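Heads up: the structure comes next, in structure tokens.
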Amino acid sequence: MTLPTRARAAAALAVGLVLASTTTSVALAAGTTPTAAAPAADTAPAADLGSTDRLIVKYRAQGPGATPGATTQAARGDRIEKAAAPYGAEAEHVRDTVQGAQVWSLGTPLTVADVEAIAAQVATDPTVEYAEPDRLMQPLAAAPDDTRWSEQWDLKTTAVGLDVLTAWDTTRGAGVNVAVIDTGYRPHADVAANIVGGYDLISDTTVSNDGNGRDSDASDPGDWTTTNQCESGWTATNSSWHGTHVAGTIAAVTGNGAGVAGIAPAAKVVPVRVLGRCGGYTSDIADAMVWASGGTVSGVPANANPARVLNLSLGGSGTCDTTSQNAITAARANGAVVVVAAGNSNVNVSGSSPANCSGVIAVAAYGPTGARAYYSNYGALVDIAAPGGDTSGGSANGILSTLNSGTTTPGSDSYAFYQGTSMATPHVAAVAALMIAAKPSLTPDQVESLIKSSAQPFVATCSSCGAGMLDAATAVAAAVGGTTPTPTPTPTTPVGTIAESESNNSRATADPATRPSTFTGTIGSSSDTDYVSVPVPAGATLTVKLTPGVSTADYDLYLYNSSGTRVATSTLGAGQVDTVTYTNSGSASATYYARVLYYSGATGTSGTYTLAIS
């Protein structure tokens with residue numbers, strides 16, 4: 001239940017669904033429903049339109065409806081062509097305007113600045129009243145007429161908002177499917193038009209609460225529970241309609257004069273039901289990731305609407321299990337971006353799965369001030385922060401989206417403010433959909449890299465919240481015109497024992513090593529982290545073993561590729577040897593980065609470790 005340089009406000013509700021064990025996962029959200037006074041709606045900033053292939057010229061002697069002689073017209077064309085020639089342009093009369101000006105084609109697109117220079121030269125002719133570029137204009141996204149848009153602080157053009165209006169000038173997500181792997185959906189009038197396909201993949205009838213196991217009906221019957229139903233001490237809960245809230249954030253129908261606006265309102269949501277009473281099993285969630293991305297699941301019909309983005313607003317405690325990691329790897333191989341909630345326990349995300357798995361975009365949450373929400377998990381494995389709400393100062397500081405009024409079984413359509421990394425995650429998933437719609441060739445790694453590199457600086461305290469604050473406008477712009485940065489190759493070092501440098505706490509300052517070699521290091525404090533870079537030839541397999549110096553030390557080992565994406569993880573307990581293995585399946589040598597991260601135990605002179613690199 002989850003930034004340009006602009007201005008961002010702060011608050012949260014007390015209740016958050018707790019993280020379950022490693023065998024079950026629960027939705028990461030909490031919410032309230034009261035309404036609040038609405039701030040004024042924003043307007044869209046003007047777009048910077050930078051090229052045109054036409055020139056408008058108004059001649060003093062020519063009024064509306066007048067027709068110049070052939071000789072006069074030929075002379076005008078010659079003068080314009082002379083002014084345009086240095087820019088590789090020509091001149092051809094297109095038409096006269098109703099005001100008596102003439103439109104001339106230059107034969108090739110030029111920057112507006114170049115056309116202004118041509119116009120200035122043409123205007124030196126005393127017969128010319130004025131000359132100016134015939135600028136290309138484009139539709140700008142005005143604030144939508146959805147009645148509760150003014151309450152969606154998370155989408156506005158402010159320091160804490162995503163600036164969706166500017167992003168919509170480029171794309172609204174058409175052609176992209178986003179799988180919401182969650183509690184299913186209700187056919188809410190404000191989102192139903194953007195629901196497509198889907199499946200119920202809950203295999204256990206007690207969890208499913210719909211009287212059967214897996215079937216093609218992904219609608220949400222409710223996930224209410226009674227006291228002690230799920231385990232001893234369990235508190236009774238109302239139905240959350242969690243998947244419906246997430247779906248509305250991603251793709252609520254926008255501009256329909258009702259309700260809320262979705263971030264990617266032209267995208268489609270594929271609901272995949274995996275959470276019910278008491279949560280959902282890892283095995284069902286793993287199948288859902290594979291199926292949603294277009295893979296094959298035995299006994300389940302093929303997904304006719306494969307998703308390019310998977311939203312997992314769910315989680316459980318523990319290390320990344322093999323089942324989840326294999327499913328994530330399979331989904332990514334199918335071309336899907338996997339976006340996961342960091343968790344709501346105010347602890348290091350390294351203990352929250354599947355957010356701590358490799359290859360995911362792990363999302364932390366902030367509230368209306370831009371500060372990390374009090375509940376949000378944090379840590380080095382968080383990739384990005386996004387609006388998740390903080391209702392401790394009032395419900396309107398949460399994230400408003402579609403819901404259902406039923407406390408147990410379905411009731412009528414409604415809206416509610418929820419908070420949580422579950423709410424932050426669909427913000428990132430929707431922005432990923434916008435990016436892919438703008439540039440369909442983007443890979444999962446490129447989407448993650450561009451989201452992180454286009455993030456805005458934090459405007460309030462959000463320690464260990466990833467690369468920055470999510471920004472839809474800059475992410476879409478980066479997708480259209482950006483490339484994934486590739487770090488400068490790290491120089492190699494001789495084989496042998498290598499000691500760490502004074503500052504190797506980032507990939508950019510990683511200590512270089514070779515295969516084979518042994519690296520020795522020290523964890524000086526609980527905030528210390530060490531990076532080692534290793535070049536790996538095409539087709540070769542890299543193995544890194546982390547051995548702590550004392551049995552009380554618990555350090556974790558992560559492996560990243562050159563784009564900064566985690567490709568392998570080992571997070572065993574105190575005193576155990578962590579090992580990661582990864583094969584460079586590319587056609588060229590690549591640099592990988594091993595990272596040692598403090599979890600608990602020894603620091604200072606006792607915090608020694610060795611890395612065996614082979």
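It should be emphasised that the depicted structure is a prediction, and the values quoted were computed from it without experimental measurement. Positions are given from 1 along the sequence. Computed from heavy atoms alone, side chains included, the values below leave out hydrogens, waters and symmetry copies.
The OG atom of Ser376 lies 10.0 Å from the OH atom of Tyr378; values are rounded to the nearest 0.5 Å. Interatomic distance, His245 NE2 to Asn404 CG, rounded to the nearest 0.5 Å: 12.5 Å. The CG atom of Leu275 sits 5.5 Å away from atom CD1 of Ile285, with the distance rounded to the nearest 0.5 Å. A distance of 5.0 Å separates CG of Asp321 from OG of Ser353, quoted to the nearest 0.5 Å. Between Asp556 atom CG and Leu546 atom CG the span is 8.0 Å, to the nearest 0.5 Å. Atoms OG1 and CZ, from Thr237 and Arg277 in turn, are 9.0 Å apart once rounded to the nearest 0.5 Å.
Of all heavy-atom pairs spanning Asp220 and Asp223, the tightest one is OD1-N, 4.4 Å. Closest approach of Ala251 and Val269 over heavy atoms only: CB-CG2, 3.9 Å. Residues Asn377 and Ala342 come closest through the heavy atom pair ND2-O, 2.9 Å. Contact detail for Gly343 and Ser352: the closest heavy-atom pair is CA-OG, 4.4 Å. Scanning both residues, Ala433 and Val178, for their nearest heavy atoms gives CB-CG2, 3.7 Å. For Val309 against Ile436, the heavy-atom pair with the smallest separation is CG2-CD1, 3.9 Å.
Note: Tyr592 and Tyr582 meet the aromatic proximity criterion, with ring centroids under 6.0 Å apart.
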Note to self: Is there a salt bridge (charged side-chain N to carboxylate O under 4.0 Å, His left out) between Asp445 and Arg332? Walk through the geometry before answering.
What the structure shows: CA-CA 9 Å; Asp445 280 348; Arg332 284 168 45 82; 2.9 Å; yes
Next item on the list: Could you walk me through whether Arg148 and Leu400 pass side-chain contact (heavy atoms from CB on, under 4.5 Å), step by step?
Entry: CA-CA 9 Å; Arg148 302 192 69 171; Leu400 181 65; 3.6 Å; yes
Note to self: Checking Asn256 against Asp190 for the side-chain hydrogen bond (donor to acceptor under 3.5 Å, both in side chains) test, could you report, in this order, the C-alpha distance in whole Å, the side-chain angles of both residues, the deciding distance, and whether it holds?
What the structure shows: CA-CA 8 Å; Asn256 61 344; Asp190 206 13; 3.0 Å; yes
Note to self: What verdict does the side-chain hydrogen bond (donor to acceptor under 3.5 Å, both in side chains) test give for Arg372 and Asn346, after you've listed the backbone C-alpha separation in whole Å, the side-chain angles of each residue and the deciding distance to 0.1 Å?
What the structure shows: CA-CA 10 Å; Arg372 180 172 68 86; Asn346 188 28; 3.0 Å; yes
Next item on the list: Might you work through the side-chain contact (heavy atoms from CB on, under 4.5 Å) test for Ile263 and Val431, ending with a clear yes or no?
Entry: CA-CA 7 Å; Ile263 296 168; Val431 169; 4.3 Å; yes
Next item on the list: Evaluate the side-chain hydrogen bond (donor to acceptor under 3.5 Å, both in side chains) criterion for residues Lys268 and Asn194: first the C-alpha distance (whole Å), next the side-chain angles of each, then the deciding distance (0.1 Å), finally the verdict.
Entry: CA-CA 5 Å; Lys268 299 298 183 184; Asn194 283 336; 3.2 Å; yes
Margin query: Evaluate Glu448 against Ser563 for side-chain contact (heavy atoms from CB on, under 4.5 Å), listing each step before the verdict.
Written below: CA-CA 9 Å; Glu448 177 179 352; Ser563 297; over 6 Å; no
Next item on the list: Under the side-chain contact (heavy atoms from CB on, under 4.5 Å) rule, what do Lys545 and Asp578 come out as? Steps first, then yes or no, please.
Entry: CA-CA 6 Å; Lys545 292 184 178 181; Asp578 287 298; over 6 Å; no
Next item on the list: Given side-chain hydrogen bond (donor to acceptor under 3.5 Å, both in side chains), test Asn334 with Ser293 step by step and report yes or no.
Entry: CA-CA 6 Å; Asn334 291 334; Ser293 62; 3.0 Å; yes
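Looking at Asp284 and Arg214, a side-chain N of the basic residue comes within less than 4.0 Å of a carboxylate O on the acidic one, giving a salt bridge. In this structure, Asp210 pairs ionically with Arg273, as a charged nitrogen and a carboxylate oxygen lie closer than 4.0 Å.
Both the sub-6.0 Å distance and the 45° axial angle are satisfied by Arg507 relative to the ring of Tyr593.
Between Thr569 and Asn356, the closest side-chain pair of non-hydrogen atoms is not below 4.5 Å. Inter-residue side-chain proximity for Leu542 and Ile613 is flagged as met; some heavy-atom pair is nearer than 4.5 Å. Under the 4.5 Å side-chain criterion, counting only non-hydrogen atoms from C-beta, Ile250 is in contact with Asn311. Looking at Arg566 and Tyr560, their side chains come closer than 4.5 Å, going by heavy atoms from C-beta outward. When side chains are defined from C-beta on, Ser405 does not count as touching Asp413, because their heavy atoms never get closer than 4.5 Å. Using a 4.5 Å heavy-atom threshold, the side chains of Val428 and Ile451 count as touching. With a 4.5 Å cut-off on side-chain heavy atoms, Gln152 and Val260 count as touching. A heavy-atom distance below 4.5 Å is found between the side chains of His242 and Ser313.
At distances below 3.5 Å, at least one donor-acceptor pair connects side-chain atoms of Gln229 with backbone N or O atoms of Thr226. Between the side chain of Ser401 and the main chain of Thr249, a donor-acceptor pair closer than 3.5 Å is present. In this structure a side-chain-to-backbone donor-acceptor pair under 3.5 Å is present from Asn209 to Gly222. Thr171 places a side-chain N or O within 3.5 Å of a backbone atom of Gly173 that can act as its donor or acceptor partner. In terms of modelled atom types and a separation under 3.5 Å, the side chain of Trp224 and the main chain of Ala236 share no donor-acceptor contact.
Applying the ring-ring contact (aromatic ring centres under 6.0 Å, His included) test to pairs two or more places apart or on separate chains, those with a residue in residues 283-328 are Tyr199-Trp291. For residues 174-193, the ring-ring contact (aromatic ring centres under 6.0 Å, His included) pairs, not counting sequence neighbours, are His188-Tyr415.
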